[in-house]
Peer 1: 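There's a structure below that I have some questions on.
Because the structure is a prediction, the values reported are computed rather than measured. Heavy-atom basis, side chains included; hydrogens, waters and symmetry copies ignored. Nothing fancy with the numbering, it's 1 onward along the sequence.
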Amino acid sequence: MEKSTFIGIVLGLAAVLVGMVLKGAPLHNLANPAAFMIIIVGTFASLFIGFPMNEIAKFPTLLKLTFINPKLVSRQDLITMFADWASITRREGLLALEAKVEEIEDPFLKNGMRMVIDGNDQDFVRDVLLEDISAMEERHKAGALLFTQAGTYAPTLGVLGAVVGLIAALSDMSDMNKLAHAIAGAFIATLLGIFTGYVLWHPIANKLKRISKRESQVKLMMVEGLLSIQSGVSTIAINQKLSVYLSPKERLQMQESKEGKLIEQEA
């Protein structure tokens with residue numbers, strides 16, 4: 001569960017609602033069906049016009065990703081895994097890893113391992129895996145763009161909603177109290193457009209980009225690990241090579257974990 005998305009939405013709503021109360025703006029003005037129709041339906045209408053149907057269909061899945069973290073192999077576990085495989089390879093050869101292939105859950109890693117075991121050229125393995133990562137990044141970029149564009153359309157539609165509200169308000173100026181209420185209601189569309197654009201759609205697009213970046217880094221680690229095993233490097237070398245993908249804190253934690261295991265074995 002990605003708690004930060006829930007926290008962000010709750011804080012965003014609280015900021016607007018509490019801010020309105022503090023400013024003396026009545027909350028019941030938010031009950032404006034016309035504003036919701038123009039902003040929400042208008043935003044999705046723009047997306048349908050601007051994107052093909054196969055990309056629009058991914059909208060619910062992409063939205064779900066921001067609430068539930070995709071399952072990725074941890075970078076520390078990857079280093080430990082590749083170190084074990086490197087040790088097996090140096091003792092028994094690449095074919096000894098064939099028994100490990102079916103244990104691999106990640107399709108990308110499993111495909112790479114099969115190519116390595118099959119004796120494919122190292123350049124070929126690298127090219128195939130990097131092209132796979134590039135294609136994945138393009139798919140993710142298209143998904144994030146969906147929300148980026150929604151964040152661009154919504155505030156502009158908010159202005160459109162305000163204009164429509166003002167036209168309706170100024171069409172009858174006989175009752176000034178009614179006119180003032182109508183003008184206040186007209187700007188609810190602007191409020192809703194800016195809120196959805198800059199508190200929902202743009203931040204969701206940013207989170208999808210961060211998720212994609214994290215997945216790309218994990219896959220790049222897999223590529224480096226597979227190529228290192230194919231080259232027959234030592235366990236120490238593969239640890240050093242893959243540790244560059246860890247933060248200083250993660251490296252320290254991993255080092256402390258290894259030292260703790262050594263102490264337990266000696267005891």
Side-chain angles (χ1 to χ4, degrees), residues 1-9 12-13 33-74 78 101 104-115 120 124-161 189 192-223 226:
M1 187 70 70
E2 182 55 72
K3 294 180 181 178
S4 64
T5 304
F6 286 102
I7 293 171
I9 291 174
L13 288 170
F36 279 88
M37 175 67 70
I38 292 171
I39 305 307
I40 304 302
V41 178
T43 298
F44 279 97
S46 300
L47 291 177
F48 273 100
I49 294 169
F51 291 85
M53 194 64 201
N54 64 319
E55 292 183 16
I56 295 288
K58 296 175 184 176
F59 190 95
T61 304
L62 293 169
L63 188 61
K64 183 180 177 182
L65 279 176
T66 63
F67 290 93
I68 301 174
N69 272 323
K71 292 181 180 179
L72 295 175
V73 183
S74 76
L78 270 181
V101 173
I104 301 172
E105 295 182 1
D106 188 276
F108 179 85
L109 182 56
K110 181 179 285 189
N111 181 48
M113 180 64 83
R114 280 176 176 158
M115 286 194 291
N120 288 287
F124 173 79
V125 174
R126 180 188 288 107
D127 289 344
V128 171
L129 295 179
L130 291 181
E131 283 296 327
D132 194 335
I133 294 174
S134 179
M136 178 200 73
E137 289 175 340
E138 285 300 317
R139 290 195 303 272
H140 291 180
K141 190 183 296 183
L145 183 61
L146 198 65
F147 289 88
T148 299
Q149 290 302 107
T152 302
Y153 301 144
T156 306
L157 286 166
V159 175
L160 174 63
L192 186 61
I194 293 172
F195 178 83
T196 56
Y198 292 105
V199 181
L200 291 180
W201 305 135
H202 276 304
I204 285 174
N206 183 68
K207 179 156 284 186
L208 288 173
K209 291 174 185 176
R210 298 297 303 163
I211 292 171
S212 177
K213 182 69 174 177
R214 190 165 68 243
E215 188 171 351
S216 295
Q217 288 178 339
V218 170
K219 289 186 183 298
L220 285 172
M221 275 188 75
M222 292 177 180
V223 174
L226 289 167

Peer 1: What's the separation between atom CD1 in Ile104 and atom CE in Met113, rounded to the nearest 0.5 Å?
Peer 2: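 Rounded to the nearest 0.5 Å, the CD1-CE separation comes to 4.5 Å.
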Peer 1: Taking Asn120 for its side chain and Met115 for its backbone only, find out whether a donor-acceptor pair lies under 3.5 Å.
Peer 2: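 Such a contact is found between Asn120 side chain and Met115 backbone.
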Peer 1: Where is the tightest heavy-atom contact between Ala154 and Thr196, given as atom of each residue plus distance?
Peer 2: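 The answer is CB-OG1, 3.4 Å.
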Peer 1: Could you point out which residue of Val218, Val73, Val223 forms a side chain to side chain contact (heavy atoms under 4.5 Å, CB included) with Phe108?
Peer 2: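 Among Val218, Val73, Val223, the one meeting side chain to side chain contact (heavy atoms under 4.5 Å, CB included) with Phe108 is Val223.
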Peer 1: Using the side chain to side chain contact (heavy atoms under 4.5 Å, CB included) definition, which of the options Leu146, Ile9, Thr66, Val199 pairs with Ile204?
Peer 2: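 Single side chain to side chain contact (heavy atoms under 4.5 Å, CB included) partner of Ile204 among Leu146, Ile9, Thr66, Val199: Thr66.
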Peer 1: So, taking the atom named CD1 in Ile56 and the one named CZ in Phe44, what distance separates them when rounded to the nearest 0.5 Å?
Peer 2: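 If we round to the nearest 0.5 Å, Ile56:CD1 and Phe44:CZ are 8.5 Å apart.
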Peer 1: Can a side-chain donor-acceptor contact be found between Ser212 and Lys141 if the only test is distance below 3.5 angstrom?
Peer 2: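 There is no such pair (donor and acceptor under 3.5 Å, judged by atom type) between the side chains of Lys141 and Ser212.
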Peer 1: Taking atom CZ of Arg210 as the centre, does the number of heavy atoms from other residues, nucleotides or ligands within less than 6.0 Å exceed 12?
Peer 2: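 Open.
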Peer 1: So how far is it from Leu145 CG to Leu208 CG, rounded to the nearest 0.5 Å?
Peer 2: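 Leu145 atom CG to Leu208 atom CG measures 11.0 Å (nearest 0.5 Å).
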Peer 1: State, to 0.1 Å, how close Asp106 and Leu109 come at their nearest heavy-atom pair, and which atoms those are.
Peer 2: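 What the structure gives for the nearest pair is OD1-N, 3.0 Å.
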Peer 1: Closest approach of Leu157 and Ser46, non-hydrogen atoms and distance?
Peer 2: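 Leu157 and Ser46 have their closest heavy atoms at CD1-OG, 4.3 Å.
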Peer 1: Are side-chain heavy atoms of Phe195 and Ile39 found at a separation under 4.5 Å?
Peer 2: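 Side-chain contact under 4.5 Å: no.
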Peer 1: Could you please spell out the steps behind the side-chain contact (heavy atoms from CB on, under 4.5 Å) verdict for Phe147 and His202?
Peer 2: CA-CA 6 Å; Phe147 289 88; His202 276 304; over 6 Å; no
Peer 1: Would you say the side chain of His140 lies within less than 4.5 Å of the side chain of Lys209, judging by non-hydrogen atoms?
Peer 2: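 In short, these two side chains do not touch, never coming nearer than 4.5 Å.
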Peer 1: Which atom pair, heavy atoms only, marks the closest approach of Ile211 to Pro70?
Peer 2: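 Ile211 and Pro70 have their closest heavy atoms at CG2-CG, 3.7 Å.
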Peer 1: Is any side-chain heavy atom of Met222 closer than 4.5 Å to one of Leu78?
Peer 2: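 Of all side-chain heavy-atom pairs linking Met222 with Leu78, at least one is under 4.5 Å.
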Peer 1: Between CD1 of Ile133 and CD of Glu138, what distance do you get to the nearest 0.5 Å?
Peer 2: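 The distance works out to 13.0 Å.
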Peer 1: Quick one: does Leu129's side chain get under 4.5 Å of Lys219's, heavy atoms only?
Peer 2: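 They are not in side-chain contact.
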Peer 1: First locate atom CZ of Phe6, then atom NZ of Lys3, and finally report the distance between them rounded to the nearest 0.5 Å.
Peer 2: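 One finds 11.0 Å between CZ of Phe6 and NZ of Lys3.
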Peer 1: As a quick check of understanding, evaluate side-chain contact (heavy atoms from CB on, under 4.5 Å) for Leu192 and Ile38, giving each step before the final call.
Peer 2: CA-CA 10 Å; Leu192 186 61; Ile38 292 171; over 6 Å; no
Peer 1: Show the nearest heavy-atom pair for residues Pro203 and Gly197, with the distance to one decimal.
Peer 2: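 Closest pair (atom of Pro203, atom of Gly197, distance): CD-O, 4.2 Å.
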Peer 1: Show your reasoning for whether side-chain contact (heavy atoms from CB on, under 4.5 Å) applies to Trp201 and Thr43.
Peer 2: CA-CA 10 Å; Trp201 305 135; Thr43 298; 4.2 Å; yes
Peer 1: Kindly indicate, with the supporting measurements, whether the criterion side-chain contact (heavy atoms from CB on, under 4.5 Å) is fulfilled by Met136 and Ser216.
Peer 2: CA-CA 8 Å; Met136 178 200 73; Ser216 295; 3.2 Å; yes
Peer 1: Where is the tightest heavy-atom contact between Thr148 and Ala205, given as atom of each residue plus distance?
Peer 2: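 Here Thr148 and Ala205 meet closest at OG1-CB, 3.3 Å.
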Peer 1: Could you tell me the separation between the CD atom of Glu2 and the CD1 atom of Ile68, rounded to the nearest 0.5 Å?
Peer 2: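 That separation rounds to 10.5 Å.
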